[in-house]
2 protein chains.
Amino acid sequence: MNIGDVAARSGLPPKTIRYYEEIGLVTPARGANGYRTFRDADVHKLAFLGRARALGFSIEDCRALLHLWEDQSRASAEVKEIAQHHLGEIERKIAGLQEMRATLSDLVRSCAGDDRPDCPILESLAQPK
Amino acid sequence: MNIGDVAARSGLPPKTIRYYEEIGLVTPARGANGYRTFRDADVHKLAFLGRARALGFSIEDCRALLHLWEDQSRASAEVKEIAQHHLGEIERKIAGLQEMRATLSDLVRSCAGDDRPDCPILESLAQPK
DNA sequence: CCTTGACCCTCCAGTGACTGGAAGGCTTAT
DNA sequence: ATAAGCCTTCCAGTCACTGGAGGGTCAAGG
């Protein structure tokens, strides 16, 4: 299977698939014409990667998860630890963004948003909080 | 004032301040020895930038906000629009992360995390959802 | 057989917002 | 005189791609 078909099946753009090859996440075979030739296993790997990335796992997390996936005898604890760590990071990000949202929505609410120049948003940014 | 003092007062690292000069957000004077010499106005600008960045505004948003801040006659509506747009982005990010968190925390909860190899996390990533 | 269009290839550069480090100059205190 | 601690510039790296240039390959239609 050529890269275009794989892209359609895995949902990843061809450029991303080439990039994943470059960094060693997949190693498709090559045809006589130099085209990448993907086997089913490669396609599965890429789909796996797409789903893991969609859950926000970093490339290095994905690499680790792929190894664990291919290791029949790994302990589920290893996987769980990566996932839990990542979950923690997501929760920290959410908390940070929620704080931003709270501050910013207060500011937006307090700003008239009309033709006059007085603006509590700028005033707050100017103020040493 | 030299860059180190400004860094201490504004909370921004010296490297970041130099970078902000490079991209034209501040333009400190220079002393005879080539050192950057910051005036109070520069320090205020940098503190403003620090607070805007802490609220997640992009550099280009910050540039626009700075201009509006220095424009005595701007309408507060202009500021409010930038802030509202950014607020929308924050809310979209929060929503995306919350979805990730939901999926991931389900997976983490369903994984025993012991010595055995069965792992619902990997199974789910492998499955064409 | 030739052309057209849709693929595919590699390589290089850019994104955002810094951050680290090398190599060197200046200042202040001992 | 020298050491520590500033400051300077410039270059490279981060993360995970993405865009584009320049060129090769393949299948279908005329």
Side-chain angles (χ1 to χ4, degrees), chain A residues 1-39 42-43 45-46 48-66 85-86 89-90 93 96-97 100, chain B residues 1-38 42-43 45-46 48-66 82 85-86 89-90 93 96-97 100:
Chain A
M1 209 178 338
N2 283 347
I3 201 170
D5 303 311
V6 179
R9 288 201 204 190
S10 67
L12 298 169
K15 280 256 170 184
T16 299
I17 298 173
R18 290 193 195 103
Y19 172 68
Y20 286 175
E21 182 190 15
E22 195 188 322
I23 62 173
L25 288 181
V26 275
T27 35
R30 293 291 179 135
N33 52 11
Y35 287 17
R36 287 168 185 82
T37 304
F38 294 84
R39 276 153 298 199
D42 296 316
V43 180
K45 255 193 195 180
L46 287 165
F48 179 100
L49 287 168
R51 285 184 287 266
R53 292 286 300 130
L55 284 175
F57 284 102
S58 74
I59 289 287
E60 287 318 306
D61 279 348
C62 287
R63 194 189 300 277
L65 289 172
L66 258 189
H85 180 83
H86 179 46
E89 280 175 4
I90 288 175
K93 273 189 205 169
L97 286 170
M100 282 186 202
Chain B
M1 210 179 334
N2 283 348
I3 202 167
D5 303 310
V6 180
R9 286 202 204 189
S10 67
L12 298 170
K15 281 255 170 189
T16 299
I17 297 174
R18 291 193 194 102
Y19 172 68
Y20 286 174
E21 183 190 17
E22 194 188 322
I23 63 173
L25 288 179
V26 275
T27 35
R30 293 290 179 137
N33 52 12
Y35 287 17
R36 288 167 183 83
T37 304
F38 294 82
D42 296 317
V43 180
K45 254 193 197 181
L46 287 166
F48 179 100
L49 286 169
R51 285 185 287 267
R53 292 285 301 130
L55 283 175
F57 284 101
S58 73
I59 289 287
E60 288 318 306
D61 279 347
C62 288
R63 194 190 299 278
L65 290 172
L66 258 189
I82 294 175
H85 180 83
H86 179 47
E89 280 175 5
I90 288 175
K93 274 189 205 168
L97 286 170
M100 284 186 200

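Order of the sequence lines fixes the chain letters, A, B, ..., with proteins taken first and strands second; residue numbering starts at 1 for each chain.
Base engagement by B:Arg18 is indicated by at least one non-hydrogen atom pair under 4.0 Å involving a base atom. Across all strands shown, A:Pro13 has heavy atoms under 4.0 Å from sugar-phosphate atoms exclusively, and none from any base.
You'll find that the side chain of B:Ile3 is closest to D:dC7, out of D:dC7, D:dC17, D:dT18. Distances were taken from every side-chain heavy atom of B:Asn2 (C-beta onward) to each of D:dC10, D:dC7, D:dT8; the shortest belongs to D:dC7.
Two residues, A:Gly34 and B:Glu60, neighbour DNA chain C, and the one matched to the more 5' nucleotide by heavy-atom proximity is A:Gly34. Comparing A:Phe57 and B:Gly4, the nucleotide of DNA chain D nearest to each residue sits closer to the 5' end for B:Gly4. Toward the 5' end of DNA chain C, the nearer of the two residues B:Lys15 and B:Tyr19, judged by each one's closest nucleotide, is B:Tyr19.
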* Given the rule in the salt bridge (charged side-chain N to carboxylate O under 4.0 Å, His left out) test, do B:Arg63 and B:Glu60 qualify, once you have shown the distances and angles that lead to the verdict? -> CA-CA 5 Å; B:Arg63 194 190 299 278; B:Glu60 288 318 306; 2.9 Å; yes
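Partner of A:Ile17 under the side-chain contact (heavy atoms from CB on, under 4.5 Å) criterion, out of A:Ile3, A:Asp42, A:Val43, A:Leu49: A:Ile3 alone.
Along DNA chain C, the stretch of nucleotides lying under 4.0 Å from any heavy atom of chain A spans, 5' to 3', C:dC7 to C:dC11.
Under a 3.5 Å cut-off, the side chain of B:His86 and the backbone N or O of B:Asp61 do not form any donor-acceptor pair.
The CG atom of A:Asp61 sits 9 Å away from the P atom of D:dA16 (whole-angstrom rounding). A straight line from NE2 of A:His86 to P of D:dC15 spans 16 Å, rounded to a whole angstrom. Atoms CD1 (A:Ile23) and C1' (D:dA16) sit 8 Å apart, rounded to a whole Å. In this structure, CZ of A:Arg36 is placed 15 Å from P of D:dT25, rounded to the nearest angstrom.
Taking all atoms of both residues into account, the shortest heavy-atom contact from A:Leu97 to B:Leu97 is CD1-CD1, 3.5 Å. Among all heavy-atom pairs drawn from A:Leu66 and A:Leu25, the shortest one is CD1-O, 3.7 Å. In plain terms, the two heavy atoms of B:Cys62 and B:Arg53 that are nearest each other are SG-CD, 3.8 Å. For the pair B:Asn2 and B:Phe38, the tightest heavy-atom approach, listed with the atom from each and the gap, is C-CD1, 4.1 Å.
Residue A:Tyr20 places at least one side-chain N or O closer than 4.0 Å to OP1 or OP2 of D:dC17. The phosphate of D:dT9 has OP1 or OP2 within less than 4.0 Å of a side-chain N or O from B:Arg30. Checking the phosphate oxygens (OP1, OP2) of D:dC7, no side-chain nitrogen or oxygen of B:Asn33 falls inside 4.0 Å.
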